[in-house]
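Counting begins at 1 with the first residue of the sequence.
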Amino acid sequence: MAAYDPSKSVGQLVYKKPIKFLDGDSYKPISFSTDFTFLMSSKAGDGIAFVAVPSGAGGLGQSFDHQRSFGISKNAGKFDGKFVAVEFDTCKYDNVGDVNGNHVGVDVGSFMSAEIADVSSVGLVLSGGEKLQAWIDYEASSKKLETGLSKFGVGRPNNPMISSPID
């Protein structure tokens, strides 16, 4: 492992076992939930993202491109632009409609967020060097993706920060 260099703090963690989004027999959507803890400083990087791509999509895990959003390379194998991401963004890019450099967004097949929430509205700072906990839930019956965020150890918020229709 190389020494930590904040000017080059890019990478990815790939979960190799596919997350099932469809029932194998009926092909009906399946609900899922995940949560994770993270800490970001203001020294480097644009944030982090939870990204789901179709199995065998070649865009992640096989050819990580640190110059592209979420590490997705448009030239990577069979990748056809299908993805869902929840971004925890510490930079403001006007070309994709970011509200500020402290927001959560839900991206569906585009780097322009379909839904976006200002993290400052709940008194948090993504790049403040404080441990945060995120929850991401997809409810199949309502076809909604919900995202919650809190300081680590505080517990899950009663209301999601974002509730976005996803089909």
Visitor: Is there a side-chain contact between L132 and L39, using heavy atoms and a 4.5 Å cut-off?
Guide: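 SC-SC contact between L132 and L39 ruled out.
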
Visitor: Any chance you could measure W135, atom CH2, to F50, atom CZ, to the nearest 0.5 Å?
Guide: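 Going from the CH2 atom of W135 to the CZ atom of F50 covers 15.0 Å.
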
Visitor: Does a donor on one side chain and an acceptor on the other come within less than 3.5 Å for N102 and S120?
Guide: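 Side chains of N102 and S120: pair found under 3.5 Å.
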
Visitor: Pairs in or reaching into residues 114-130: which pass salt bridge (charged side-chain N to carboxylate O under 4.0 Å, His left out), with residues at least two apart or in two chains?
Guide: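 Output for this query lists E130-K151.
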
Visitor: Is a donor on one side and an acceptor on the other found under 3.5 Å between the side chain of E87 and the backbone of D89?
Guide: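 Answer holds: no.
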
Visitor: Could you work out, with side-chain contact (heavy atoms from CB on, under 4.5 Å) as the rule, every residue matching S33, not counting sequence neighbours?
Guide: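 If we apply the side-chain contact (heavy atoms from CB on, under 4.5 Å) test to S33, skipping adjacent residues, the hits are D137.
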
Visitor: Grab the two heavy atoms, one from G155 and one from S150, that are nearest each other, plus how far apart they are.
Guide: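 Heavy atoms of G155 and S150 come nearest at O-OG, 3.0 Å.
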
Visitor: Taking only residues two or more places apart in sequence, or in another chain, which ones meet I30 in a side-chain contact (heavy atoms from CB on, under 4.5 Å)?
Guide: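 Expected list: K20, D23.
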
Visitor: Mind checking the OG-CD spacing from S163 to E139? Nearest 0.5 Å is all I need.
Guide: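 The distance works out to 10.5 Å.
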
Visitor: Find the distance between CD1 (I48) and CZ (F88) and round it off to the nearest 0.5 Å.
Guide: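 Between I48 CD1 and F88 CZ, I get 6.0 Å after rounding to 0.5 Å.
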
Visitor: Check step by step if side chain to side chain contact (heavy atoms under 4.5 Å, CB included) holds for I162 and E146.
Guide: CA-CA 5 Å; I162 292 180; E146 296 186 337; over 6 Å; no

Visitor: Considering residues at least two apart in sequence or located in another chain, which fulfil the ring-ring contact (aromatic ring centres under 6.0 Å, His included) criterion with Y138?
Guide: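 By the ring-ring contact (aromatic ring centres under 6.0 Å, His included) rule, Y138 matches no residue at all.
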
Visitor: Do V106 and I166 touch side chain to side chain, with heavy atoms closer than 4.5 Å?
Guide: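 A side-chain contact under 4.5 Å exists here.
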
Visitor: Donor-acceptor pair, distance only, cut-off 3.5 Å: does the side chain of S41 make one with the backbone of G129?
Guide: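 No, S41 side chain to G129 backbone: no donor-acceptor pair under 3.5 Å.
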
Visitor: With V84 as reference, evaluate D107, V51, I136, L145 under the side-chain contact (heavy atoms from CB on, under 4.5 Å) test and give the passing residue.
Guide: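 Among D107, V51, I136, L145, the one meeting side-chain contact (heavy atoms from CB on, under 4.5 Å) with V84 is L145.
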
Visitor: Holding to ring-ring contact (aromatic ring centres under 6.0 Å, His included), I want the full list of residues that pass it with F32, two or more places apart in sequence or in another chain.
Guide: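 In terms of ring-ring contact (aromatic ring centres under 6.0 Å, His included), with neighbours along the sequence ignored, F32 is linked to F21.
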
Visitor: What distance do L149 atom CG and L126 atom CG have between them, rounded to the nearest 0.5 Å?
Guide: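 Reported value, rounded in 0.5 Å steps: 6.5 Å.
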
Visitor: Among the clusters formed by ILVMFWY side chains lying less than 4.5 Å apart, do F36 and V122 turn up in the same one?
Guide: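 Hydrophobic grouping puts F36 with V122.
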
Visitor: Determine the minimum heavy-atom distance between M112 and N95, stating which atoms define it.
Guide: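 Closest pair (atom of M112, atom of N95, distance): CE-O, 3.6 Å.
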
Visitor: Side chains of P165 and K143: closer than 4.5 Å at any heavy-atom pair?
Guide: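 With C-beta onward as the side chain, the pair stays apart.
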
Visitor: I need the minimum non-hydrogen distance between S127 and T90, along with the two atoms involved.
Guide: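 Shortest heavy-atom contact: CB-CG2, 3.8 Å.
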
Visitor: Can you run down the salt bridge (charged side-chain N to carboxylate O under 4.0 Å, His left out) pairs that involve residues 93-106, sequence neighbours left out, and say none if there aren't any?
Guide: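 Listed by first then second residue: K92-D94.
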
Visitor: Check the hydrophobic clustering (I, L, V, M, F, W, Y; side-chain heavy atoms under 4.5 Å; chains of links allowed) and say if F38 and L124 are grouped together.
Guide: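 Yes, F38 connects to L124 through the hydrophobic network.
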
Visitor: Write down the atom of A140, the atom of S31, and the distance for their closest heavy-atom approach.
Guide: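 Answer, listing the atom of A140 first, then S31: N-OG, 2.9 Å.
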
Visitor: Is the shortest side-chain heavy-atom distance between P160 and T147 below 4.5 Å?
Guide: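 No, their side chains stay 4.5 Å or more apart.
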
